[in-house]
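Below is one structure, written out as C-alpha cells, with a few remarks after it.
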Amino acid sequence: MEGRELHEAIMELARRRGFFWPSFEIYGGLRGFYTYGNLGTKLKRNIEKAWRRFFVDPHGFLELDTPVLNPLRVFKASGHLEHFKDVMVECLKCHRVFRADHLIEEEAGLEYVEAMGEEAIRRLLREKGIRCPECGGDLSEPQEFLTMFQTQIGPMGGEPGFARPEAAQGMFLNFKLGFHHARERLPFALAQIGKVMRNEISPRRGLLRLREFTIMELELFFDPQEGQCPWFKEVSDESVKLITEEMEAEGFKEPLEVTLGEAVESGYIKTEWQAYFMGVSKRFITYLGVPPERQRFRAHLPEERSHYSTQTYDHEVYLESWGWIEIAGHAYRTDYDLKAHQKASGVDLTVRRADGSRFLPHVVEPSFGLDRLVYVALEVAYRKRDGRTVLALPRWIAPIQAAVMPLVTRDGLPERAREIWSQLKDAGLTVEYEEKGSIGKRYARQDEIGTPIAVTVDYQTLEDDTVTLRDRDSWRQVRQEASRLPELLRSYINGEREFDELGRPL
RNA sequence: GCGGCCGUCGUCUAGCCUGGCUAAGACGUCAGCCUUCCAAGCUGAAGAUCCCGGGUUCGAAUCCCGGCGGCCGCACCA
C-alpha cells in the first residue's frame with residue numbers, strides 16, 4: 001500500500017480504534033482541528049516521554065508551562081505581529097489570490113520584498129503597475145492576513161490578546177528566572193511542551209497541518225564567544241543527510257552525506273550547539289521507528305526563514321503517503337529574541353561572564369510538531385501480514401504495553417488471567433485484559449493497535465503458574481512464570497531485554 | 001480563495017444514472033452458546049438527522065439550487 005491509500009488506511013484505523021479523529025463532527029466538522037482518543041493520547045504521551053528522555057533529562061534542562069494567551073506587547077516585541085501576516089491581492093478578473101510580496105519579486109525582479117513592510121508593498125504594486133500574472137487582470141487593493149488568532153483579554157474588551165504561534169516566547173519571557181533556577185550558569189536550556197495555534201489558510205492532511213497543535217520546544221542559551229559545545233563529541237560521528245543552503249539555492253535534490261563533525265568544520269552548520277541537537281534529533285526520530293535513510297536535514301533559504309532565524313535546518317522524514325515532510329525545525333535564533341524583549345520591556349536580560357563583562361546569550365532551538373510525530377510513528381509502523389494489520393510501533397511508545405487473556409473463557413482461566421492483569425497494572429504497566437472472541441482474534445486486535453506482548457493464561461498455568469508470552473512481530477512464543485512478569489515486561493518495554501530473554505521458547 | 005472529485009449505521013460499501021415497501025449487506029459492538037494458541041461457528045439484539053436547508057413532485061437517499069464539511073491540485077504553510 002502506498003500514497004494516499006496508505007494515508008486513508010491509517011486515518012480509518014485511527015478513527016476505528018480510537019487514536020484520533022476530526023473534531024466537532026456532530027456540528028458538521030471544522031478543518032484543522034483533531035481530537036485524540038484513548039490510544040492516541042497514550043501514544044502522544046509516550047512520544048513526549050521519549051522527547052524528554054533525549055532532549056531534557058540528560059542535561060537536567062528545565063521545563064516550563066507558560067500561557068497560551070499572550071498580550072499584544074509580547075508579539076509586538078518578538079516581531080510576530082509584523083512578520084506573521086501576509087499581504088494578499090486578488091485578481092479582480094480571474095479571482096486568483098497571490099501573496100503581494102512574491103508577486104512584486106517576480107514581476108519587478110526585486111528581492112526580500114516582505115521585509116520592506118506593508119507600505120512599501122502597496123507603493124510598489126502601484127508604481128510597478130503589477131497585474132495578474134495568470135490573466136493580466138487588474139488586482140484588488142492589498143489585504144492583510146494575520147495568521148495569529150486574536151481575542152480580547154478581559155470581559156469588557158480590555159486588551160488585545162493573541163494565541164501563541166510558538167511556545168518559545170514563554171521561554172524568553174521567563175529567561176531571567178529560568179536562568180536563576182539553573183544556578184545562573186550557561187549553557188542551559190528551557191523546554192516546553194504545549195499547545196500553540198496558527199490560523200492556517202488551508203489546513204490539510206489530517207494531523208500534518210492543524211490550526212491548534214502541540215509543540216515540543218527547547219531553547220538552549222549559550223555564550224556566543226564559546227564556540228564549543230561540551231556535548232558535541234557525543235554526536236560528532238553521527239552521519240546525517242544534509243541539503244545545505246547552497247544546494248537548496250542551486251536546486252540539488254540529492255543530499256550530502258556527512259558526519260556532524262564534518263558539517264560544522266565545513267561551515268554547513270553554523271554552530272556546534274545547533275549541530276548537537278540535530279544529532280540528538282536524528283537519534284530521537286530513529287527511536288520512534290523511523291529508519292535513518294528516511295531522514296534528512298534541509299536548510300531554509302533566507303526568504304524562507306523565520307524573521308528570528310539566521311540559520312534553519314528542517315528535519316524531514318520520508319512518508320510513503322506524502323513524500324518528505326517537516327517534523328522539526330532547528331533554528332539558530334542568535335540573541336534576536338532576548339534583545340527584542342530587553343528593548344521592549346526595559347528589563348536587563350544580560351548575564352555576566354567570569355571576567356565581569358555582560359552579554360546576551362545566543363539561542364539554538366530544536367522545535368518538534370508532536371502531532372506530526374504521532375502520524376509519522378503510525379505510518380512508519382503500519383504493516384500488513386496475512387491480510388491483517390500490524391502496527392509495529394517501537395515497544396517503548398506503544399499505547400498498550402501488554403494484553404492479558406485467557407485461552408478460553410472457562411475452568412477458572414479468566415479468573416487467573418484477571419489476577420495477572422491486576423499485578424501488571426499494579427507494577428505500573430499499561431495493560432489490557434481481553435476475553436472477547438477466540439484467542440486468534442484477540443491477538444489480531446492487539447496487533448492492530450501495536451501491543452507488543454500478549455500474555456496468555458492456559459491450562460498449564462493452573463498446574464505450574466507459567467504463562468505464554470507472544471511477540472507481536474514474529475508471533476513467536478515463550479513460556480515464563482507469572483510471578484516474574486512485572487520485572488521482565490518492564491525491562492522489555494524499556495528496551496533492556498529482547499523477546500528471547502523473556503522465557504523458554506515454545 | 002479558485003478548480004476537480006466526494007458526503008448513506010462506529011467502519012467499509014450497495015442503492016442514486018432510470019424518484020415508489022419498514023434504506024440492504026459485511027465487519028465491528030452487545031447478550032448467550034460454542035471454543036485448548038493466530039481475525040472459526042451458531043442464535044438473538046442494538047445501531048443511520050441517507051451532511052444541512054430549500055425547491056420540483058402525489059412521493060426525494062435518488063432530480064435541481066444554495067450552504068456546510070472532506071479529499072486532491074493551484075496558492076498559502078511566517
Side-chain angles (χ1 to χ4, degrees), chain A residues 3-4 7-9 11-18 21-33 37 75 78-91 93-99 101-103 114-115 133-135 140 143 145-148 165-166 198-206 208-211 300 303-309 312 314 322 325-326 329 331 369 385-390 405-411 413 435-448 454 456-462 467-472 475-477 506:
Chain A
R4 199 170 313 157
H7 180 249
E8 277 168 15
M11 299 306 272
E12 189 269 320
L13 173 66
R15 161 189 288 270
R16 190 163 43 78
R17 300 309 305 274
W21 55 85
S23 301
F24 312 117
E25 278 193 322
I26 68 166
Y27 287 111
L30 184 61
R31 259 191 310 182
F33 297 89
F75 294 120
S78 71
H80 284 82
L81 207 59
E82 180 62 30
H83 295 277
F84 235 77
K85 70 182 174 207
D86 292 319
V87 182
M88 314 286 288
V89 288
E90 185 181 354
C91 171
K93 195 169 152 199
C94 70
H95 298 290
R96 276 176 230 265
V97 177
F98 305 93
R99 263 183 68 164
D101 55 323
H102 288 183
L103 215 53
E114 186 178 13
E134 294 295 326
C135 76
S140 70
Q143 275 193 320
F145 278 76
L146 183 66
T147 44
M148 281 195 290
E166 60 167 7
R198 301 178 186 185
N199 202 357
E200 296 284 354
I201 293 169
S202 179
R204 243 167 228 199
R205 299 180 177 181
L208 298 187
R209 190 133 104 237
L210 299 170
R211 287 194 163 122
H300 280 197
E303 60 267 32
E304 193 183 354
R305 276 201 301 262
S306 315
H307 58 280
Y308 49 70
S309 176
T312 298
D314 278 350
W322 305 110
I325 66 144
E326 174 198 350
R385 176 165 182 175
D386 298 351
R388 322 184 346 185
T389 301
V390 180
M405 45 189 77
L407 184 59
V408 292
T409 54
R410 59 169 197 231
D411 302 329
L413 267 48
E435 64 171 39
K436 273 304 292 178
S438 67
I439 189 76
K441 193 173 216 160
R442 293 180 219 142
Y443 287 151
R445 282 176 52 84
Q446 293 298 330
D447 287 348
E448 197 182 42
T456 302
V457 169
D458 55 21
Y459 284 99
Q460 196 181 325
T461 311
L462 301 180
V467 295
T468 62
L469 302 177
R470 177 256 192 194
D471 174 43
R472 174 195 66 202
W475 294 9
R476 280 182 300 154
Q477 294 188 315
L506 284 187

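Within every chain, numbering begins at 1; the chains are lettered A, B, ... in the order of the sequence lines, protein sequences first and strands thereafter. What you see is a predicted model, and the numbers here were worked out from it, not measured in a lab.
- Spacing of C1' atoms, B/C17 relative to B/A60, comes out at 15 Å, to the nearest Å.
- Taking the P atoms as reference points, B/G15 lies 34 Å from B/G1, given to the whole Å.
- Panel note: side chain A/His307, backbone A/Ser78; a donor-acceptor pair is recorded below 3.5 Å.
- Residues forming a salt bridge (Lys or Arg N to Asp or Glu O under 4.0 Å) with A/Arg198 (at least two apart in sequence, or on another chain): none.
- A search for salt bridge (Lys or Arg N to Asp or Glu O under 4.0 Å) contacts involving A/Arg442 returns nothing, not counting sequence neighbours.
- Among the heavy atoms of the strands lying under 4.0 Å from A/Thr456 is at least one base atom, whether or not backbone atoms are also near.
- A distance cut-off of 5.5 Å between ring centres, combined with a plane angle under 30°, leaves A/Tyr443 outside any stacking arrangement with the base of B/C37.
- For A/Glu200, the salt bridge (Lys or Arg N to Asp or Glu O under 4.0 Å) partners two or more places apart in sequence, or in a different chain, are A/Arg209.
- Under the rule for a side chain to side chain contact (heavy atoms under 4.5 Å, CB included), the partners of A/Thr468 that lie at least two apart in sequence or sit in another chain are A/Thr456, A/Asp458, A/Gln477, A/Arg479, A/Leu506.
- Considering only residues two or more places apart in sequence or on other chains, A/Arg445 meets the side chain to side chain contact (heavy atoms under 4.5 Å, CB included) condition with A/Arg17, A/Glu434.
- Taking the side chain to side chain contact (heavy atoms under 4.5 Å, CB included) definition, one finds that A/Val390 meets it with A/Arg383, A/Arg385, A/Asp447, A/Arg472, A/Asp473, sequence neighbours left out.
- Taking atom P on both nucleotides, B/C50 is separated from B/U8 by 11 Å, rounded to a whole Å.
- Heavy-atom distances to RNA chain B give each of A/Leu506 and A/Ile26 a nearest nucleotide, and the one nearer the 5′ end belongs to A/Leu506.
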Would you tabulate the nitrogen or oxygen pairs shorter than 3.5 Å linking the protein to nucleotides 4-12 of chain B?
| unit_1 | atom_1 | unit_2 | atom_2 | d |
| --- | --- | --- | --- | --- |
| B/U11 | OP1 | A/Arg15 | NH1 | 2.9 |
| B/U11 | O2' | A/Glu12 | OE2 | 2.6 |

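- By the salt bridge (Lys or Arg N to Asp or Glu O under 4.0 Å) test, A/Glu166 pairs with A/Arg333, sequence neighbours left out.
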Output field dot_bracket for RNA chain B (Watson-Crick or G-U, both distances under 3.5 Å, | for other-strand pairs) contains (((((((..((((......[...)))).(((((.......))))).....(((((..]....))))))))))))....

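- Nucleotides B/G10 and B/A46 place their P atoms 16 Å apart, quoted to the nearest Å.
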